[in-house]
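Here is the structure we will look at, set down as structure tokens.
Numbering of residues begins at 1 and proceeds along the displayed sequence.
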Amino acid sequence: MVVRHAAAGLAAGAVLLFAAASQAGVPSITALTVSPNPATAGQTVTLGATVGSPGLSCTGSVDFKDTVGNTTVCSSALTVMNPNISTASCTATRPAGSYTLRADTIGACPSSSAPATLVVNAASAVPTVGEWTMWGLTGLLLIGGGAIASRRFRAARAV
């Protein structure tokens, strides 16, 4: 089940996904957040997981994985917030592209979240300080040169 939610603590564009699992007889729910989404290449993205299980404190860790190749993007230990809820988060940077991510909970409440798609856009080309300086000096020379030429023209006509 996919839920787009603008609850307190979630940034605009964050995606909240839930998946129920019943592994080893322990019913648990893992929610995955990805923020910001979309991101820009080189920008830090925060991946978060909330794990809940009625009457059980979930301990262990969460592996945030790219489902293509099942590679781990980052990992974090679960922090028990109250007897029913535990959380984990970590940050990562990704190159431009589209990624399907999943949170796998390892420990007392094993479960996996529904996949979430992270879109990372290419960074836009912003002129460097050197380029701005070059264009600024060129503009000043054109304006200054025009003013000097105008004064010389007027001075020559006056004579």
Side-chain angles (χ1 to χ4, degrees), residues 1-140:
M1 163 174 56
V2 177
V3 177
R4 293 196 184 274
H5 188 60
L10 289 182
V15 177
L16 182 61
L17 297 155
F18 294 97
S22 181
Q23 298 177 2
V26 179
S28 61
I29 296 174
T30 299
L32 170 62
T33 58
V34 180
S35 180
N37 193 11
T40 304
Q43 182 178 14
T44 300
V45 176
T46 301
L47 306 174
T50 302
V51 182
S53 185
L56 181 64
S57 294
C58 296
T59 58
S61 63
V62 176
D63 287 343
F64 296 91
K65 294 187 173 187
D66 186 340
T67 60
V68 176
N70 203 33
T71 56
T72 300
V73 175
C74 58
S75 297
S76 180
L78 281 166
T79 301
V80 177
M81 303 306 287
N82 67 47
N84 300 315
I85 303 289
S86 298
T87 62
S89 68
C90 61
T91 58
T93 55
R94 307 297 287 168
S98 180
Y99 302 92
T100 303
L101 305 174
R102 180 184 74 233
D104 291 341
T105 305
I106 302 160
C109 304
S111 65
S112 293
S113 73
T117 301
L118 168 63
V119 176
V120 180
N121 299 316
S124 61
V126 175
T128 63
V129 172
E131 290 170 337
W132 279 113
T133 303
M134 179 188 71
W135 286 110
L137 289 175
T138 302
L140 286 174

How close do [X] and [Y] get, heavy atom to heavy atom, and via which atoms?
X	Y	result
A77	A88	O-CB, 3.5 Å
D66	V73	N-CG2, 3.8 Å
A108	L56	O-CD2, 4.0 Å

Do [X] and [Y] make a side-chain contact, defined as non-hydrogen atoms from C-beta onward lying under 4.5 Å apart?
X	Y	result
I106	S61	yes
S28	T105	no
C74	L47	yes
V120	Q43	no
V45	R94	no
V51	T30	yes

Working to the nearest 0.5 Å, report the span between [atom1] of [X] and [atom2] of [Y].
X	Y	atom1	atom2	answer
L101	T117	CG	OG1	8.0 Å
S57	N84	OG	CG	7.5 Å
L118	L32	CG	CG	10.0 Å
I85	T79	CD1	OG1	13.0 Å

Look at the side chain of S86 and the backbone N and O of C58, then say whether any donor-acceptor pair between them is shorter than 3.5 Å.
->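 Yes: the side chain of S86 pairs with the backbone of C58.
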Return yes if some donor-acceptor pair links the side-chain N/O of S113 with the main-chain N/O of A103 below 3.5 Å, else return no.
->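 A pair under 3.5 Å: yes.
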Just checking, is any N or O donor in the side chain of S89 or T46 under 3.5 Å from an acceptor N or O on the other one?
->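 On atom types as modelled, these side chains do not qualify, holding no pair under 3.5 Å.
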Please check if any side-chain donor atom of S75 sits under 3.5 Å from a side-chain acceptor atom of D63, or the reverse.
->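 A donor-acceptor contact under 3.5 Å links the two side chains.
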Would you check, one step at a time, whether the test side-chain contact (heavy atoms from CB on, under 4.5 Å) holds for T50 with T87?
-> CA-CA 4 Å; T50 302; T87 62; 3.9 Å; yes
